[in-house]
Each structure stands twice: as C-alpha cells, then as structure tokens.
Amino acid sequence: MEVATSWDALRKQARKLEAQLDEHMMSYRKVVAAKDDSEDEALESGIELLIKQLQQVEFQMKEWVSSGGAEVVSHTLTRHQELLQDITQEFNLLRSSLRAKQEHDSLLQDFRELDRSRLDLKEGGDAVEHALVKEHVSIGRSTGQMDSLISLAQSTLGALFFQRSTFGGINTKLSNIGSRLPTTNHVLSAIKRKKSTDTIILSVVASICTFLIFIYWLSK
C-alpha cells in the first residue's frame with residue numbers, strides 16, 4: 001500500500017479501499033447465502049487485509065486532522081470511520097452466520113452417518129439371526145431324516161432277524177428230509193450255500209444298522 005502525504009491522497013486511497021471492500025462484501029454475502037465453503041476462506045482473508053489497510057489509512061487521516069485540519073475535514077474522517085465500522089460489524093456477523101451454518105451442516109452429516117451405521121448394524125444383526133434360524137431349521141431337518149433312517153434300519157434289522165430264524169427252521173427241516181432222502185443231498189447242499197450267502201449279507205446289513213444307531217446316539 002502506498003503511503004499518502006496529503007489529505008486528498010489519503011481520501012483517494014480510503015475511497016479505493018472502501019470500493020474494494022464493497023465488492024468483496026457483495027461476493028461474501030453470496031457465499032454466505034449459498035453456503036459455499038470453497039471460496040469463503042479466500043474472501044475472508046481478502047476482506048481482513050483490506051480492513052487493516054483501511055484502518056491504517058484512517059489512522060493517518062486522524063493524525064493529519066490532529067495536526068490542524070479544518071472542521072469539514074474532521075467530519076469527512078468521521079464518515080470514513082463510521083463506514084469502516086459498519087463494514088467490520090457486517091463482516092463479523094456474516095462470518096459468524098457462515099460458521100454456524102457450517103457447524104449445523106457438520107452435525108447433520110454426523111447424525112446421518114450415525115443413522116447409517118445403526119441401520120448397517122441392524123441389517124447385520126438381522127442377517128445373523130436369519131442365518132441362525134436357517135441353521136436351526138437345517139439341523140431339525142437333518143435330525144428328522146436321521147430318525148427316519150434309524151427307524152427304517154431298525155425295521156430292516158427286525159425283518160432280517162425274522163428271516164434268519166425262518167431260514168434256520170427251514171434248514172432243520174431240510175436236514176431231516178436229507179437224512180431220509182439221500183438222493184436230494186445235492187439239492188440241499190446248493191440250498192445251504194445259498195443260505196450261507198444270505199446269512200453273510202444279513203450280517204453285513206445288521207452291522208451297518210448297528211453302526212448308524214451308534215453314531216446317532218453319539219450325536220445326541
């Protein structure tokens with residue numbers, strides 16, 4: 001900033017700074033109304049710098065008046081001081097309003113993020129609960145299938161024991177007949193071999209059923 005050496009030069013410099021301040025304040029009002037955070041810092045820094053420069057000019061004007069200036073010059077200085085005071089007050093009010101709006105928006109954003117986090121947590125809890133219910137249903141279904149399989153195995157085992165006892169009785173009768181009719185020995189031998197094979201199969205099936213029952217008891 002140039003250093004003025006006369007009253008006219010000081011007034012000219014003061015008016016120039018006041019005009020620049022008026023332009024900056026007009027832009028700053030738009031920023032505050034639009035809540036635009038992208039330009040507020042640059043404008044605020046520019047306005048603060050212009051206010052300091054104008055204060056320095058008015059201080060020089062005050063010293064010039066104190067050194068014996070006319071009364072009309074004193075009134076002119078008063079008008080410049082009042083204008084600077086009004087600009088400074090409006091700037092402080094606008095800046096406070098913008099800061100309040102920014103803090104309000106920040107709080108709203110925090111609340112939105114908190115609600116979003118609660119919703120995600122609730123959805124996650126519902127997913128876990130759904131998975132547990134699904135697993136419980138799956139376990140119940142598997143248990144029912146196991147019970148049905150064991151019941152079938154027990155029924156099959158009972159039928160196999162009954163068939164074994166039946167075959168035993170038939171074998172005894174066939175042995176008696178064979179002792180009376182030697183010519184039928186070959187037929188009886190074939191029947192005995194078939195019976196032995198059936199007995200082996202029955203034993204294997206009975207063992208499998210017993211193993212399944214044992215596994216089921218362990219799982220309970």
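These figures come from a predicted structure and were not determined experimentally. Residue numbers run from 1 in the order of the sequence given.
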Practice task
Please test Q85 against T88 for side-chain contact (heavy atoms from CB on, under 4.5 Å), starting from the C-alpha separation and ending with a verdict.
Solution key: CA-CA 5 Å; Q85 183 178 1; T88 303; 5.8 Å; no
Exercise for the section: Test R79 against E18 for salt bridge (charged side-chain N to carboxylate O under 4.0 Å, His left out), laying out the working first. Expected result: CA-CA 12 Å; R79 287 197 301 272; E18 289 169 356; over 6 Å; no
Between atom [atom1] of [X] and atom [atom2] of [Y], what is the distance when rounded to the nearest 0.5 Å?
X	Y	atom1	atom2	answer
L49	L21	CG	CG	9.5 Å
E63	L77	CD	CG	11.0 Å
D86	Q81	CG	CD	12.0 Å
I87	D22	CD1	CG	7.0 Å
K101	S106	NZ	OG	16.0 Å
Q56	L17	CD	CG	9.5 Å

With a 4.5 Å limit on heavy-atom distance, are the side chains of [X] and [Y] in contact?
X	Y	value
V73	M61	no
L54	Q13	no
Q55	F59	no
L107	E103	no

Handout entry: Under-4.0 Å salt bridge between E48 and R95
Key = yes
Please give me the minimum heavy-atom distance between [X] and [Y], naming the atom from each residue.
X	Y	result
M25	L94	CE-CD1, 3.8 Å
E44	F91	O-CZ, 3.9 Å
R29	E90	NE-OE2, 2.5 Å

Handout entry: Flag, side chain of S97 to backbone of L93, donor-acceptor distance under 3.5 Å
Key = no
Handout entry: Polar side-chain atom of H24 near backbone of Q20 as donor-acceptor pair, under 3.5 Å
Key = yes
Practice task
Kindly determine whether W64 and Q60 satisfy side-chain contact (heavy atoms from CB on, under 4.5 Å), including the steps that lead there.
Solution key: CA-CA 6 Å; W64 200 92; Q60 294 176 11; over 6 Å; no
Practice task
Count the heavy atoms belonging to other residues, nucleotides or ligands that lie under 6.0 Å from NZ of K12, then report whether that count exceeds 12.
Solution key: no
